[in-house]
Novice: 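The following block contains the structure, expressed as structure tokens.
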Amino acid sequence: MSLKKSFLIVLILSLCCSWLLAQDSLQTNSTRLKQDQLISGESYEIDTIIDGQTYYKKSIKAISTEIPEALLDDEYAAEIDKKWLEELYSTTLFDTIYRDVKGLNYKAVYYPELTTDTLKARLKRLNAKTPFNVEYNPALESVIKMFLKNRHQSFERLMGLSNYYFPMFEREFDNYDIPLEMKYLAIVESALKPRARSRVGATGLWQFMFATGKQYGLDVSSYVDERSDPIKSTESAAKYLAKLYELFGDWDLALAAYNSGPGNVSKAIRRSGGYQNYWNIRPHLPRETAGYVPAFLATMYIFEYAEEHGFIQHKPEFNYIDTDTIRVKQMITLDQVSEFTGVKIETLQFLNPSYKLDIIPHIEGKNYTLRLPRNIIGAFVNNEDQMYAYAKAEFDKREKPLPQFFNTDTKTRYRVKQGDYLGKIARKFGVRVSQIKRWNGLRSNNLRIGQRLTIYPRNGAAIRQSTASNSNSSNLKNYKGKTYTVQKGDSLWSISQKFSGISVENIKEWNSISGTNLKPGMTLKLSKG
């Protein structure tokens with residue numbers, strides 16, 4: 001190696017060492033602290049020792065992925081009214097009201113507690129204070145009396161729910177100069193069920209079809225359906241109703257157009273000979289729409305005169321003012337929020353109905369929020385770093401394929417019974433709502449009585465409990481009807497043939513049998529009671 005080359009190598013090494021020392025000096029000045037530079041109360045750790053001098057740096061607090069015990073022990077979860085939540089997620093109320101509106105027959109109803117003269121006087125007072133046409137006619141009288149006679153309990157439940165929903169409805173309607181009495185329309189449309197879905201696909205409190213929802217700014221995707229968001233859907237409903245009133249100049253006709261479309265109303269006006277009063281064109285409207293406005297006016301009357309008819313308004317667990325929202329910073333699930341905060345999954349689903357899969361996505365340009373009870377908000381915000389770290393750790397675990405996580409021997413089939421809902425079934429088997437939905441390909445929380453669900457319980461206890469119930473020993477405890485003891489070679493079909501009027505499905509329902517296997521010696525009930 002020549003002297004010139006050796007000199008160049010030494011020069012380059014010298015420059016590199018000088019640069020490294022400069023960098024080390026820079027780091028010492030910017031991040032490393034001597035003992036006399038430490039601030040009392042702060043947390044430090046030793047960074048390095050140079051020439052016998054100890055240098056310190058600030059400690060970095062690790063974010064725990066464990067659920068804080070303080071949040072798990074929050075007393076709020078224990079105060080949730082389980083029965084109220086069961087009622088809240090029941091689909092029967094929406095179905096019965098939908099059926100009532102579609103099948104109104106306007107026959108006279110015997111209801112002596114409300115005389116015709118009293119009703120006329122009350123409707124006259126109601127007509128004076130609302131822009132809707134609430135004048136007396138026999139058809140309206142029959143609907144009001146039918147609701148009072150047959151739907152008393154249902155209306156009490158609706159009055160309880162209305163304490164939560166009506167304040168947000170009134171605020172949005174006031175912003176768009178919509179009559180505040182329009183809030184009663186949501187009862188006729190959806191029975192105040194935000195995830196209600198009609199047979200033709202109309203969804204949410206205000207029953208928007210997909211195209212109409214998109215037209216009025218409601219986002220519908222695989223994760224989110226804003227037609228089920230109480231505030232956003234109400235704002236869209238207010239815009240749509242304002243446009244319909246601009247077209248017809250009459251709120252009764254605007255209501256009819258909301259249900260059947262402006263085209264059907266304009267055709268009914270032509271067929272009636274040019275009448276513009278709802279009651280005059282009603283015979284020319286579609287059958288469902290013909291019962292729509294009377295049902296709305298009857299609902300308005302019952303709510304306005306609830307005290308006179310002895311209705312007890314059940315108070316919901318919290319009012320709208322008792323909740324608040326937080327903008328999410330990362331994808332999380334309602335299951336994770338439930339485990340982290342201790343708030344029941346059914347409560348979170350009620351407060352956040354627009355998330356179809358119980359997953360709140362985080363998408364650039366979108367502002368998705370989580371609504372929580374106010375007394376949980378502070379604890380959530382104070383621990384949100386831990387919440388998101390916990391959620392990320394959960395998502396990382398769930399990336400494993402199902403066959404590696406579940407043993408097929410633990411799989412069980414569950415038959416949905418009256419009063420069941422996903423949260424109740426999830427607690428029974430120690431699993432999550434989102435897991436049941438994923439295992440069974442469910443896109444909503446709606447269940448049908450008799451529906452079969454595949455469940456992978458966390459332990460065998462739930463399976464043993466299910467098997468025990470299938471043996472019917474507990475079901476026979478207070479049963480006094482006719483029974484049959486299973487013989488070798490018997491099947492459900494052969495047993496049904498032995499007894500007139502009894503089907504295979506009857507035997508399965510009366511004995512809580514989910515499959516087709518029978519064991520000799522089993523005792524079967526041969527009647528419902």
Novice: Going by the rule side-chain hydrogen bond (donor to acceptor under 3.5 Å, both in side chains), which residues pair with E226 if we only count those two or more places apart in sequence or in a different chain?
Specialist: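 Once residues adjacent in sequence are excluded, the partners of E226 under the side-chain hydrogen bond (donor to acceptor under 3.5 Å, both in side chains) criterion are K232.
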Novice: Run the side chain to side chain donor-acceptor pair (under 3.5 Å) check on D420 and Y414 step by step: do they pass?
Specialist: CA-CA 11 Å; D420 276 345; Y414 180 77; 2.7 Å; yes
Novice: Side chains of P230 and L205: closer than 4.5 Å at any heavy-atom pair?
Specialist: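 Heavy-atom side-chain distance check passes, below 4.5 Å.
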Novice: Would L422 and I345 satisfy side-chain contact (heavy atoms from CB on, under 4.5 Å), going step by step from the backbone distance to the final call?
Specialist: CA-CA 10 Å; L422 284 176; I345 183 67; over 6 Å; no
Novice: Heavy atoms only: give me the nearest M387-I332 pair and the separation to one decimal.
Specialist: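 Nearest pair, atom of M387 first, then I332: CE-CG2, 4.4 Å.
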Novice: Using the test side-chain hydrogen bond (donor to acceptor under 3.5 Å, both in side chains), find all partners of T454 that sit at least two apart in sequence or belong to another chain.
Specialist: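 Partners of T454 under the side-chain hydrogen bond (donor to acceptor under 3.5 Å, both in side chains) test: R413.
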Novice: So, do S228 and T203 sit near enough that their side-chain heavy atoms are less than 4.5 Å apart?
Specialist: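 Contact flag for S228/T203 side chains = yes.
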Novice: Using a strict cut-off of less than 4.0 Å between a Lys/Arg side-chain nitrogen and an Asp/Glu carboxylate oxygen, indicate whether D358 and R195 qualify as a salt bridge.
Specialist: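 Salt bridge between D358 and R195, a charged N being under 4.0 Å from a carboxylate O: yes.
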Novice: Please say whether more than 12 non-hydrogen atoms of neighbouring residues, nucleotides or ligands are located less than 6.0 Å from NZ in K366.
Specialist: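 It does not: K366 NZ has 12 such atoms or fewer within range.
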Novice: Decide yes or no for D229 and I231: does some side-chain heavy atom of the first lie under 4.5 Å from some side-chain heavy atom of the second?
Specialist: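 Side chain of D229 against side chain of I231, heavy atoms only: contact under 4.5 Å found.
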Novice: For residues 254-270, which residue pairs pass the salt bridge (charged side-chain N to carboxylate O under 4.0 Å, His left out) check, not counting sequence neighbours?
Specialist: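 The answer is none; no pair qualifies.
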Novice: Can you tell me how far apart CD (E339) and CG (L334) are? Round to the nearest 0.5 Å.
Specialist: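 Between E339 CD and L334 CG, I get 12.0 Å after rounding to 0.5 Å.
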Novice: Has E113 got more than 12 heavy atoms of other residues, nucleotides or ligands less than 6.0 Å from its CD?
Specialist: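 For E113, atom CD is crowded (more than 12 foreign heavy atoms under 6.0 Å).
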Novice: Evaluate the criterion side-chain contact (heavy atoms from CB on, under 4.5 Å) for residue pair T333 and I360; output intermediate values, then yes/no.
Specialist: CA-CA 6 Å; T333 72; I360 307 178; over 6 Å; no
Novice: Mind running side-chain contact (heavy atoms from CB on, under 4.5 Å) on S272 and N280 for me, showing each step along the way?
Specialist: CA-CA 7 Å; S272 71; N280 292 330; 5.6 Å; no
Novice: How would you list, by chain and number, every residue that makes a side-chain hydrogen bond (donor to acceptor under 3.5 Å, both in side chains) with D225, sequence neighbours excluded?
Specialist: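 Once residues adjacent in sequence are excluded, the partners of D225 under the side-chain hydrogen bond (donor to acceptor under 3.5 Å, both in side chains) criterion are R227.
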Novice: Does Q336 reach the side chain of F340, with side-chain heavy atoms less than 4.5 Å apart?
Specialist: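 When only atoms from C-beta onward are counted, F340 and Q336 do not touch, as no gap falls below 4.5 Å.
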Novice: Please identify each residue that fulfils salt bridge (Lys or Arg N to Asp or Glu O under 4.0 Å) with K145, with sequence neighbours left out.
Specialist: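 Checked K145 against salt bridge (Lys or Arg N to Asp or Glu O under 4.0 Å); matches are E141.
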Novice: Distance from L114 atom CG to L148 atom CG, nearest 0.5 Å?
Specialist: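 Separation between the atoms: 6.5 Å.
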Novice: Going through the distances and angles, do D219 and Y368 end up as a side chain to side chain donor-acceptor pair (under 3.5 Å)?
Specialist: CA-CA 11 Å; D219 179 26; Y368 293 124; 3.1 Å; yes
Novice: Can you see whether Y355 engages Q349 through a side-chain donor-acceptor pair at a distance of less than 3.5 angstrom?
Specialist: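 There is no such pair (donor and acceptor under 3.5 Å, judged by atom type) between the side chains of Y355 and Q349.
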Novice: What is the distance from atom CZ of F350 to atom NZ of K193, rounded to the nearest 0.5 Å?
Specialist: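 F350 CZ to K193 NZ: 10.5 Å, rounded to 0.5 Å.
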Novice: Would you give the length of the straight line joining atom CD1 of I187 to atom CE of M300, rounded to the nearest 0.5 angstrom?
Specialist: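 Here the interatomic distance stands at 10.5 Å.
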Novice: I need the minimum non-hydrogen distance between L161 and A191, along with the two atoms involved.
Specialist: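 Closest heavy-atom pair between L161 and A191: CD1-O, 4.5 Å.
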Novice: Using 0.5 Å steps for rounding, measure from the OG atom of S222 to the NZ atom of K356.
Specialist: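 That separation rounds to 6.0 Å.
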Novice: Could you tell me the separation between the CG atom of L370 and the CG atom of L351, rounded to the nearest 0.5 Å?
Specialist: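 With rounding to 0.5 Å, CG (L370) is 8.5 Å from CG (L351).
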Novice: Would one find more than 12 heavy atoms of other residues, nucleotides or ligands at under 6.0 Å from atom OH of Y275?
Specialist: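 Not buried by this count: 12 neighbours or fewer within 6.0 Å.
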Novice: Taking only residues two or more places apart in sequence or in another chain, which ones pass side-chain hydrogen bond (donor to acceptor under 3.5 Å, both in side chains) with T115?
Specialist: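 T115 satisfies side-chain hydrogen bond (donor to acceptor under 3.5 Å, both in side chains) with T118 once adjacent residues are dropped.
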Novice: If we ignore hydrogens and angles and just use 3.5 Å, is the side chain of T130 paired with the main-chain N or O of N127 as donor and acceptor?
Specialist: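 Here the side-chain-to-backbone pair does not exist.
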Novice: Would you say the side chain of E189 lies within less than 4.5 Å of the side chain of Y258, judging by non-hydrogen atoms?
Specialist: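 Heavy-atom side-chain distance check passes, below 4.5 Å.
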Novice: Kindly give the heavy-atom pair with the smallest separation between L372 and I326, and that separation in Å.
Specialist: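 The answer is CD1-CD1, 4.0 Å.
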Novice: Check residues 237-257 and write down every donor-acceptor pair under 3.5 Å in which the side-chain atom is one partner and the other belongs to a residue at least two apart or another chain.
Specialist:
| from | atom 1 | to | atom 2 | distance (Å) |
| --- | --- | --- | --- | --- |
| D250 | OD1 | D252 | N | 2.9 |
| D250 | OD1 | L253 | N | 2.9 |
| D252 | OD2 | N133 | N | 3.3 |

Novice: Test of understanding: with side-chain contact (heavy atoms from CB on, under 4.5 Å), list the residues that count as partners of T325, not counting sequence neighbours.
Specialist: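 With sequence neighbours excluded, T325 shows a side-chain contact (heavy atoms from CB on, under 4.5 Å) to T369, R371, given in chain and number order.
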Novice: Would you say the side-chain atoms of S266 pair up with the backbone N or O of N264, donor to acceptor, closer than 3.5 Å?
Specialist: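 Side chain of S266 to backbone of N264, a donor-acceptor pair under 3.5 Å: no, none is there.
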Novice: Testing the basics here: between P294 and V143, what is the closest heavy-atom pair and its distance to 0.1 Å?
Specialist: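 That would be O-CG1, 4.0 Å.
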Novice: For L357, enumerate each residue passing the side-chain contact (heavy atoms from CB on, under 4.5 Å) test, keeping only those at least two apart in sequence or located in another chain.
Specialist: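 Once residues adjacent in sequence are excluded, the partners of L357 under the side-chain contact (heavy atoms from CB on, under 4.5 Å) criterion are Y223, I359, R443.
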Novice: Ignoring hydrogens and angles, tell me if any N or O in the side chain of Q207 forms a donor-acceptor pair with the backbone of V188 under 3.5 Å.
Specialist: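 Answer holds: no.
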Novice: Before you tell me yes or no, could you show the steps for L140 and W279 under side-chain contact (heavy atoms from CB on, under 4.5 Å), namely the whole-Å CA-CA distance, both residues' side-chain angles and the distance that decides it to 0.1 Å?
Specialist: CA-CA 10 Å; L140 179 56; W279 294 99; 4.2 Å; yes
Novice: Output side-chain donor-acceptor pairs under 3.5 Å for residues 301-308, partner residues at least two apart or in another chain, one line each.
Specialist:
| from | atom 1 | to | atom 2 | distance (Å) |
| --- | --- | --- | --- | --- |
| Y301 | OH | R122 | NH1 | 2.9 |
| Y301 | OH | H309 | NE2 | 2.9 |
| E304 | OE1 | K129 | NZ | 3.4 |
| E304 | OE2 | Y184 | OH | 2.7 |
| Y305 | OH | R122 | O | 3.1 |

Novice: So do the side chains of T116 and Y136 get within less than 4.5 Å of each other, counting heavy atoms only?
Specialist: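 T116 vs Y136: side chains touch.
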Novice: Can you list the residues that meet the side-chain contact (heavy atoms from CB on, under 4.5 Å) rule with H152, with sequence neighbours excluded?
Specialist: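 Partners of H152 by the side-chain contact (heavy atoms from CB on, under 4.5 Å) criterion, ordered by chain and then number, come out as E156, F311.
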Novice: Counting only heavy atoms not in L180 (residues, nucleotides, ligands), do more than 12 fall under 6.0 Å from its CG?
Specialist: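 Yes, enclosed.
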Novice: Output yes when R374 and D322 qualify as a salt bridge under the 4.0 Å nitrogen-oxygen rule, no when they do not.
Specialist: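 Looking at R374 and D322, the cut-off is not met.
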Novice: What do you reckon, are the aromatic ring centroids of F155 and F147 less than 6.0 Å apart?
Specialist: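 Yes; F147 has its ring centre under 6.0 Å from that of F155.
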Novice: Is there side-chain contact between Y421 and V416, with at least one heavy-atom pair below 4.5 Å?
Specialist: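 A side-chain contact under 4.5 Å is absent here.
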Novice: Quick check: does any side chain N or O of S198 sit under 3.5 Å from a backbone N or O of A202, one acting as donor and the other as acceptor?
Specialist: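 Judged by distance alone, yes, a pair lies under 3.5 Å.
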Novice: Check whether any side-chain heavy atom of I144 sits under 4.5 Å from a side-chain heavy atom of L297, and report yes or no.
Specialist: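 No - every pair of side-chain heavy atoms lies 4.5 Å or more apart.
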Novice: Scan for salt bridge (charged side-chain N to carboxylate O under 4.0 Å, His left out) pairs involving residues 170-183, sequence neighbours excluded, and state none if there are none.
Specialist: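 Applying salt bridge (charged side-chain N to carboxylate O under 4.0 Å, His left out) to every pair that reaches into residues 170-183, excluding sequence neighbours, yields E170-K183.
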Novice: How are the rings of W206 and F173 set to each other: parallel, tilted or perpendicular (split at 30° and 60°)?
Specialist: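 Ring orientation, 0 to 90° scale: perpendicular.
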Novice: Would the distance check show the side chain of S190 and the main-chain N or O of A186 forming a donor-acceptor pair, the cut-off being under 3.5 Å?
Specialist: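 Confirmed, S190 side chain pairs with A186 backbone.
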